[in-house]
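Worth knowing before you read on, the calculation uses all heavy atoms, side chains too, and leaves out hydrogens, waters and symmetry mates.
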Amino acid sequence: MPVPVTPTRRPVGVPPGQALPSPTPALAAAVLGFFVITLDALVVNVALPSIQDDLGGGVTGLQWVMDGYTLMFAALLLSSGALSDRIGARQAYAAGFALFIAASAACGCAPTLGVLVGARLVQGLGAAAMLPASMALIREAYPDRVERARAISVWAMGGAVASAAGPVLGGFLTRLSWRAIFFVNLPVGLVALLLFTRIARSPRREAPLDGTGQIAAVVAMGGLTYGVIEAGADGFGAPRVLIALGLAVLALIVFLTSQARGRHPMVPLDLFRSRGVVVPLLGGFAFTVGFYGLVFLLSLYFQELRGLSSSATGLAFLPMTVVTAFMNLVAARAAERFGARVPIAVGLFLMAVGLMALCVVPQSTPVWLMAVLLVPVGAGGALAVPALTAVLLDDVPAERAGTASGVLNTFRQLGGALAVAVYGALITTDFLHGMRVGLTISAVLLLVMAAAALTLKRPAEVTTPMKETRP
């Protein structure tokens with residue numbers, strides 16, 4: 001008896017009768033983009049003391065070097081998801097990558113701290129255009145749910161390896177010059193731009209842009225970040241801090257109102273009715289607060305309090321890097337076998353355990369032991385992030401892939417920006433105490449989200465996925 005053959009599902013935009021394009025170039029380009037985007041959020045941490053020595057500026061200036069990138073990244077991701085849907089994922093991704101590479105070159109040539117922060121803002125703009133488009137590219141290239149989950153794991157591996165390797169690479173590049181951490185993006189960008197020549201143009205969808213919502217989002221995130229950063233230097237009672245925080249609250253109200261009443265909201269509030277959307281969003285926020293906050297704090301701690309060089313500081317993150325790379329290889333299989341809830345819950349719990357362990361060790365703890373305690377943080381993140389992303393994309397239809405991925409990564413980048421802002425303020429007066437308070441906050445957030453992940457549906461409870469909208 002012949003075995004029935006299941007027809008292969010065609011990628012979005014490929015008409016019947018046309019040869020199926022290879023999805024490999026799209027995946028490779030998406031991985032490279034996610035790698036450099038994530039790398040530039042973390043590679044700068046180890047170079048902060050060198051940047052300060054060369055360009056000046058106190059802790060507040062260093063916070064803006066970090067948050068200039070993540071703030072613009074987070075604020076524009078919401079519109080970028082709709083832009084990806086509107087002009088096509090491949091087109092949006094190529095334009096964003098070109099802008100990101102140009103801004104990286106400007107960062108490397110920056111003569112002053114102000115110019116560096118400005119170039120970092122432009123980097124964030126390019127990254128915001130790239131990230132939702134990279135996820136939408138994968139969604140288009142891999143219409144099959146199982147194959148897409150594996151592709152997402154490969155994509156997430158690029159970001160996870162960059163997250164773990166950022167401090168290590170940054171430490172060694174800083175030995176040459178802190179400017180090298182930006183110039184390293186140039187050859188990667190050229191390779192990615194060559195890959196675009198092998199990727200078909202993406203289909204366009206109707207996705208009107210929400211100007212009111214976007215402006216309100218920028219003001220809300222900018223006001224909040226500015227207020228928290230400046231509060232570290234002037235206190236929360238300072239007039240400019242109170243004005244910034246008040247403006248952030250008003251902008252948030254305007255944003256929520258525009259999304260609830262607008263004809264074309266960039267963040268449809270009905271997305272938040274699904275647990276399969278809310279848990280990945282808040283889980284991604286908690287992950288980034290924990291991981292980015294940790295790297296920011298320990299990069300300064302190792303160099304300022306323990307007297308390590310930039311390369312030695314980078315090596316302290318090496319065990320975490322190695323384990324993270326390994327965990328990404330097993331993350332997809334774990335999700336396939338146990339469903340998303342197990343790797344998410346276990347991963348976030350491991351991160352919390354590692355952070356709490358770092359809180360209780362004394363300042364005299366050997367650096368090698370602190371390096372070992374970083375391992376569960378990297379391993380847990382590598383286990384949880386692919387599953388979080390897969391849950392979100394499985395829960396939304398194809399026409400909302402760009403929008404949903406933009407919201408997810410907005411939550412993640414906002415978490416990173418707030419972690420640097422809040423933890424930078426905490427360490428202003430007493431570094432060690434402030435660091436421990438910051439790590440404790442991160443651990444509590446992660447434990448809450450680990451428990452929330454257990455409320456996701458079990459594999460046997462997952463129903464047939466929503467039908468895709470075809471052009």
Side-chain angles (χ1 to χ4, degrees), residues 11-12 21-42 73 77 80-81 84 89-90 92-94 96-97 100 127-166 188-189 191-192 195-196 198-199 202 280 283-284 287-288 291 324-336 340 343-344 347 378 381-396 398 401-413:
V12 175
S22 171
T24 303
L27 178 59
V31 170
L32 285 177
F34 193 27
F35 179 86
V36 295
I37 288 171
T38 308
L39 185 70
D40 272 60
L42 291 164
F73 193 179
L77 270 173
S80 298
S84 171
R90 186 258 195 189
Y93 193 43
F97 218 139
F100 182 88
M130 292 166 61
L131 193 53
S134 73
M135 296 178 71
L137 271 180
I138 293 174
R139 185 70 172 77
E140 293 173 2
Y142 295 89
D144 180 76
R145 185 171 179 268
V146 174
E147 291 182 356
R148 184 169 64 244
R150 292 172 180 167
I152 290 171
S153 294
V154 175
W155 173 84
M157 182 170 62
V161 171
S163 296
V188 178
V191 172
L195 287 171
F196 289 132
R198 302 181 58 189
I199 303 173
S202 298
F287 159 77
T288 314
F291 193 86
T324 297
F326 171 77
M327 287 301 298
N328 272 282
L329 298 176
V330 302
R333 296 185 181 276
E336 289 179 17
I344 294 173
L383 188 62
V385 169
L388 284 167
T389 307
V391 167
L392 179 73
L393 290 185
D394 287 344
D395 203 73
V396 298
T403 299
S405 61
V407 176
L408 170 63
N409 287 289
T410 296
F411 271 71
R412 290 187 56 180
Q413 296 307 315

If I compare all heavy atoms of [X] with all of [Y], which pair ends up nearest, and what's the gap?
X	Y	answer
Ala151	Ile138	CB-CG2, 4.0 Å
Ala129	Gly96	CB-CA, 3.8 Å
Gly347	Ala384	CA-CB, 4.2 Å
Gly166	Leu39	CA-CD1, 3.6 Å
Leu388	Gly283	CD1-C, 4.0 Å

query = Under 3.5 Å, side chain of Tyr93 to main-chain N/O of Ala29, donor-acceptor pair present?
reply = yes
Interatomic spacing from [atom1] in [X] to [atom2] in [Y] - rounded to 0.5 Å:
X	Y	atom1	atom2	answer
Leu137	Trp155	CG	CH2	11.5 Å
Phe100	Leu131	CZ	CG	11.0 Å
Ile344	Phe287	CD1	CZ	12.5 Å
Leu408	Gln413	CG	CD	10.0 Å
Ser134	Leu27	OG	CG	10.0 Å

task = Could you please spell out the steps behind the side chain to side chain contact (heavy atoms under 4.5 Å, CB included) verdict for Arg412 and Val385?
result = CA-CA 11 Å; Arg412 290 187 56 180; Val385 169; 3.8 Å; yes
ask   = Phe73 versus Thr410: any side-chain heavy-atom pair under 4.5 Å?
value = no
query = After noting the C-alpha distance and the side-chain angles of Thr288 and Phe411, does the key distance pass the side chain to side chain contact (heavy atoms under 4.5 Å, CB included) rule?
reply = CA-CA 9 Å; Thr288 314; Phe411 271 71; over 6 Å; no
